[in-house]
Amino acid sequence: PTAIQSYPNPFSSVLLVSAALIAIATAVGVLLMRGDNKTTEPAHAVISADSSKLFITLAGGFEVESARVRQQLVFDLSDPAAPAQLSSIPVGTSTGYHGDSLSGDGRWLFIANNIDDSVTQIDASSLDVVRTWPVGSRPQVLATFGSAEGPSVQTGPLDLGAQGAR
């Protein structure tokens, strides 16, 4: 297969990523390994609605409470065989795995910032941060719903805790 292939279905999208792209994302994570970023690793991948960009949400280290992440990685997929890293997008501060969601119409990417207690809204086309929403205590999972486009596909950690055990 090419570097990236996406197969939509009614429930979610299946994403196949080449070993080369995973190596690139991992290398970027290695380059970020300074200070409280030292355990940064790729966590979630989302392809833009037009398949031109790959967004990679970083995790701030598995069970390393002091680890922090403050950026969203972006790759240009105009040549899927040779994805090119674009400038990272600054977002709020997170630790561990945290959610992201591409709106159903593909216009917005939302990132949960679980240390800053906020959600960053990014224009998926221009890659500009549109707004950072204060949301309360440690957001983890995100989803969107629009009357025209329907729901987004949830990505990110899903921990139902005691409620899920009922």
Side-chain angles (χ1 to χ4, degrees), residues 1-8 12-64 66-116 118-133 139-144 152-157:
T2 60
I4 308 269
Q5 291 185 336
S6 178
Y7 301 95
S12 66
S13 293
V14 176
L15 172 67
L16 300 179
V17 181
S18 74
L21 187 55
I22 292 171
I24 290 169
T26 302
V28 169
V30 169
L31 293 174
L32 296 172
M33 291 182 173
R34 299 183 294 277
D36 60 4
N37 286 330
K38 64 184 173 184
T39 59
T40 297
E41 60 191 19
H44 310 123
V46 176
I47 294 180
S48 63
D50 65 2
S51 300
S52 69
K53 296 177 193 78
L54 174 69
F55 299 100
I56 297 179
T57 299
L58 298 171
F62 182 68
E63 295 189 12
V64 179
S66 63
R68 299 292 183 262
V69 173
R70 297 176 186 87
Q71 57 192 314
Q72 181 77 15
L73 300 184
V74 185
F75 289 86
D76 178 348
L77 301 179
S78 56
D79 179 0
Q85 185 180 1
L86 302 175
S87 295
S88 297
I89 302 169
V91 296
T93 305
S94 291
T95 190
Y97 292 95
H98 53 103
D100 53 27
S101 182
L102 186 65
S103 62
D105 62 4
R107 185 170 177 198
W108 311 112
L109 177 67
F110 296 91
I111 309 297
N113 308 311
N114 60 22
I115 294 295
D116 287 351
S118 65
V119 171
T120 299
Q121 179 183 2
I122 298 168
D123 182 308
S125 179
S126 70
L127 306 179
D128 293 326
V129 172
V130 175
R131 182 173 179 182
T132 299
W133 305 74
Q140 290 290 331
V141 177
L142 300 173
T144 67
S152 62
V153 176
Q154 186 274 328
T155 62

Q) Could you state the interatomic distance from OG (S94) to CD (Q140), rounded to the nearest 0.5 Å? A) 8.0 Å

Q: Search all heavy atoms of D105 against all heavy atoms of A49 and return the closest pair with its distance.
A: O-CB, 4.3 Å

Q) Do you know the tightest heavy-atom contact between A45 and L54? A) CB-CD1, 3.8 Å

Q | Interatomic spacing from OG in S87 to CD in Q71 - rounded to 0.5 Å | A | 10.5 Å

(Q) If the condition is side chain to side chain donor-acceptor pair (under 3.5 Å), which residues does D128 pass it with, not counting sequence neighbours? (A) S126

**Q.** No-hydrogen, no-angle side-chain donor-acceptor test under 3.5 Å, D50 and S52
**A.** yes

Q. So which heavy atom on A112 is nearest to which on P139, and how close?
A. CB-O, 3.6 Å

Q) Out of curiosity, N114 CG to H98 NE2, how far, rounded to the nearest 0.5 Å? A) 6.5 Å

(Q) Suppose we screen for side chain to side chain donor-acceptor pair (under 3.5 Å). Which residues come up paired with S78, at least two apart in sequence or across chains? (A) D76

**Q.** CG-CZ distance between L127 and F55, expressed to the nearest 0.5 angstrom
**A.** 5.5 Å

Q.
Nearest 0.5 angstrom please: R68 CZ to I115 CD1, how far?
A. 4.0 Å

Q: Would you mind reporting whether W108 and I122 have side-chain heavy atoms less than 4.5 Å apart?
A: no

Q: Start with the C-alpha distance between T120 and T132, add both sets of side-chain angles, then the distance that settles side chain to side chain contact (heavy atoms under 4.5 Å, CB included), and finish with yes or no.
A: CA-CA 4 Å; T120 299; T132 299; 3.7 Å; yes

Q. So how far is it from L142 CG to F110 CZ, rounded to the nearest 0.5 Å?
A. 8.5 Å

